[in-house]
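Here is the structure we will look at, set down as C-alpha cells.
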Amino acid sequence: MTEEELHAMIGTRMPGGTRTLEKWWVGLVLDAMECASEDGAAHPTFVFLVATGSMGWTWDELFAVFSATDADGPMFGETDTVIHLPLLTGATYTVTGEIVSAARKTGKKTGVFDIVGYRLDIHDAGDTLVASTTNSIVFPRREQAA
C-alpha cells in the first residue's frame, strides 16, 4: 500500500452492525474479568467489546483493507473511550464507524510502519450516541524501504 493509498482511506466507513447485550453474555464477560455482577453492562470494557464486535468487519477483514494480514504483526496502539450513557443489559445497540486517521512513519528500530485510527460509535434504539471508542492499529511495513 502506497502512502497515497493509505491517506485515501481516511473517511472510509465501516459496515457497522448491531448487538444485543444478552444477560448470559454480560455475566460471562464480568466473570472472566473478575468484576462484580452488579456492574452489569455499564463496565467500560463493554464499549470496546460491543464496538469492535459489531463494526461489520472481522479483524482479518480490517487488516486486509490496509493490505495487511495477522502474519504481518499488526499491533493495537492507543485507545480513547468516551461514555455518555452506560450500556444496559438487554438493550440493543447499533455500531457505526469510520477510519479517522492514517499516517506513515519510520522508526530507527522498527523501520516503516503505518498508524491507522478508527472511531466506532454506539447508538441506542433511539439513535442517541451513548459511547464512542477511538483506537489505533500499528501496521509494520517491512516491505517498504526506510
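These numbers come from a predicted model, not from an experiment. Values below: every heavy atom of this structure, side chains too, minus hydrogens, waters and symmetry copies.
With sequence neighbours excluded, the residues satisfying side chain to side chain contact (heavy atoms under 4.5 Å, CB included) with Asp60 are Thr58, Phe63, Asp70. Remark: Glu22 engages no residue in a side-chain hydrogen bond (donor to acceptor under 3.5 Å, both in side chains) (not counting sequence neighbours). Legend: residues meeting side chain to side chain contact (heavy atoms under 4.5 Å, CB included) with His84, ordered by chain and number and at least two apart, are Val82, Leu129. Under the rule for a side-chain hydrogen bond (donor to acceptor under 3.5 Å, both in side chains), the partners of Thr79 that lie at least two apart in sequence or sit in another chain are Asn135. For Arg119, the side-chain hydrogen bond (donor to acceptor under 3.5 Å, both in side chains) partners two or more places apart in sequence, or in a different chain, are Glu98, Asp121. Residues satisfying the side chain to side chain contact (heavy atoms under 4.5 Å, CB included) criterion with Thr94, sequence neighbours excluded, are Thr18. Every residue was checked against the salt bridge (Lys or Arg N to Asp or Glu O under 4.0 Å) condition with Asp124, not counting sequence neighbours, and none meets it. In this structure Thr92 satisfies the side-chain hydrogen bond (donor to acceptor under 3.5 Å, both in side chains) test together with Thr20, sequence neighbours excluded. Under the side chain to side chain contact (heavy atoms under 4.5 Å, CB included) criterion, Leu88 pairs with Ala91, Tyr93, sequence neighbours left out.
To the nearest 0.5 Å, atom CG of residue Asp114 and atom NZ of residue Lys105 are 10.5 Å apart. Met33 contributes atom CE, which lies 4.0 Å from atom OG1 of Thr45 (distance to the nearest 0.5 angstrom). Between the CE atom in Met14 and the CD atom in Glu61 there is a gap of 11.0 Å [rounded to 0.5 Å]. We find the CZ-OG1 distance between Arg141 and Thr106 to be 12.5 Å, quoted to the nearest 0.5 Å. Of the inter-residue distances, the one linking Leu85 atom CG with His123 atom NE2 reads 12.0 Å to the nearest 0.5 angstrom.
Minimum heavy-atom separation, Pro15 to Gly56: CG-O, 3.5 Å. Shown here for Arg104 and Leu6, the closest heavy-atom pair between the two residues is N-CD2, 3.8 Å. Among all heavy-atom pairs drawn from Met1 and Val65, the shortest one is CE-O, 3.5 Å.
Phe113 belongs to a hydrophobic cluster with Met75, Ile115, Val138, counting contacts under 4.5 Å between side-chain heavy atoms of Ile, Leu, Val, Met, Phe, Trp and Tyr, direct or through other members.
Both Leu120 and Ile83 are part of a single hydrophobic cluster, where members link through side-chain heavy atoms under 4.5 Å apart. Hydrophobic cluster membership differs between Ile10 and Phe139, with clusters built from Ile, Leu, Val, Met, Phe, Trp and Tyr side chains linked at under 4.5 angstrom.
Using a 4.5 Å cut-off on side-chain heavy atoms (C-beta onward), Leu28 and Asp31 make no contact. Under the 4.5 Å side-chain criterion, counting only non-hydrogen atoms from C-beta, Ile122 is not in contact with Arg19. Under the 4.5 Å side-chain criterion, counting only non-hydrogen atoms from C-beta, Val26 is not in contact with Leu87. Proximity of Thr52 to Tyr118: side-chain heavy atoms (C-beta onward) are separated by under 4.5 Å at one or more points. Put simply, the side chain of Phe66 reaches to within 4.5 Å of the side chain of Ile99, judged on heavy atoms.
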Met55/Leu62 under side-chain contact (heavy atoms from CB on, under 4.5 Å): CA gap, chis, key distance, verdict:
CA-CA 10 Å; Met55 66 183 160; Leu62 175 59; 4.2 Å; yes

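The ring-ring contact (aromatic ring centres under 6.0 Å, His included) analysis of residues 28-50, with sequence neighbours excluded, yields the pairs Trp25-Phe46.
Side-chain atoms of Thr89 never come within 3.5 Å of backbone atoms of Lys23 as a donor-acceptor pair (strictly under, hydrogens ignored).
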